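Treat the numbers as computed from the prediction; the structure is a model and nothing was measured.
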Amino acid sequence: MKFLDLASLSRINTFLDNVDVGEYYVHGDLEAYSCKLAGLDRKLCKNLEEDVEADCSPLQLSKSPVGPLAESSSRKTLIYLILTLNHIYPDYDFSLLRAHHFKKESGVEAVEEAIDGHLLEVSKVWDNTPSVGDAPFLDSIWTALDEAIVLKECDVYSYKSDLETDPFGEDGNVWAFNFFFYNKKMKRIAYFSCRGISKSVAGNAAAEDSGLTYNSDNDEDTVARYGMANEMDL
């Protein structure tokens, strides 16, 4: 999997690193990858395909969230989802995930509605942050994703967290979503995830690494000093 350095996605990804929405912080990841494999990914892909075939039940061979696993294209879809998670969250190993750990969503419109609902407060912070962009936040997300992945051509999947062996189960998580937009024709995946994190937990972590956060209380001095990002109010 090759990370695609796309300016429109990177701008939003940077903004979503730590957003203060009042009751909690929001941390997000928005990245796109090419599904062309090389090096370690190629080797892991081969091993995963062998493991997936060995672990398949008769039912999964004919039907699964990523398609019938008897077909190579379905197995590759599953492997791309796993590899994407491994790249996004290098502190975790998702190699043991199988098709039942994922869900195929009904379509882009339903996913867009769910994401927009979670990010209404974040969009207000964007509107009050100088120079992040002229377009509204939610419009910026969907425009950037469409440019990167062509949304109308995508299948959309989500990962069903077990809340124990992945970042979605970390202390302080209030809510979370994650979605994969897979364009088979382009051989690309865009991954979008956000988590609402309790201020008490996030504040303790920030005290250790002097993290910065976007919030709705930016002033000119702070913008000049930190490039539009304020120090977290601990």
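Residues Glu105 and Tyr157 have side chains not in contact (no heavy-atom distance under 4.5 Å, counting atoms from C-beta outward). Two residues are said to be in side-chain contact when any heavy atoms from C-beta on lie closer than 4.5 Å; Phe168 and Ser193 meet this criterion. For the pair Leu83 and Leu37, the minimum side-chain heavy-atom distance is below 4.5 Å. With a 4.5 Å cut-off on side-chain heavy atoms, Pro167 and Tyr89 count as touching.
Ring-plane geometry between Trp175 and His118 is classed as tilted, the angle between the planes lying from 30 to 60 degrees on a 0 to 90 degree scale.
For His87 and Tyr33, the distance between ring centers is under 6.0 angstrom. A centroid separation of less than 6.0 Å is found between the aromatic rings of Phe137 and Phe15. You'll find the ring centres of Phe180 and Tyr191 inside the 6.0 Å limit.
Listed by first then second residue, pairs satisfying salt bridge (charged side-chain N to carboxylate O under 4.0 Å, His left out) with a partner in residues 162-180 read Glu170-Arg195, not counting sequence neighbours.
Atoms CG and CD1, from Asn183 and Ile189 in turn, are 10.0 Å apart once rounded to the nearest 0.5 Å. Note: Leu16 CG to Phe192 CZ = 5.5 Å, rounded to the nearest 0.5 Å.
Sparse packing is recorded around CD of Glu109, with 12 or fewer heavy atoms of other residues, nucleotides or ligands lying under 6.0 Å away.
Asp127 is linked by a salt bridge (charged side-chain N to carboxylate O under 4.0 Å, His left out) to nothing, counting only residues two or more places apart in sequence or in another chain. Residues forming a side chain to side chain contact (heavy atoms under 4.5 Å, CB included) with Lys184 (at least two apart in sequence, or on another chain): Ser73, Tyr182.
Taking the charged nitrogens against the carboxylate oxygens, Glu49 and Lys46 have no contact shorter than 4.0 Å, which rules out a salt bridge. Here Asp20 pairs with Lys199 in a salt bridge; the nearest charged N to carboxylate O distance falls below 4.0 Å.
Between the side chain of Ser74 and the backbone N or O of Pro68, at least one donor-acceptor pair lies under 3.5 Å. When atom types are taken as modelled, the side chain of His27 and the backbone of Asp17 share a donor-acceptor pair closer than 3.5 angstrom.
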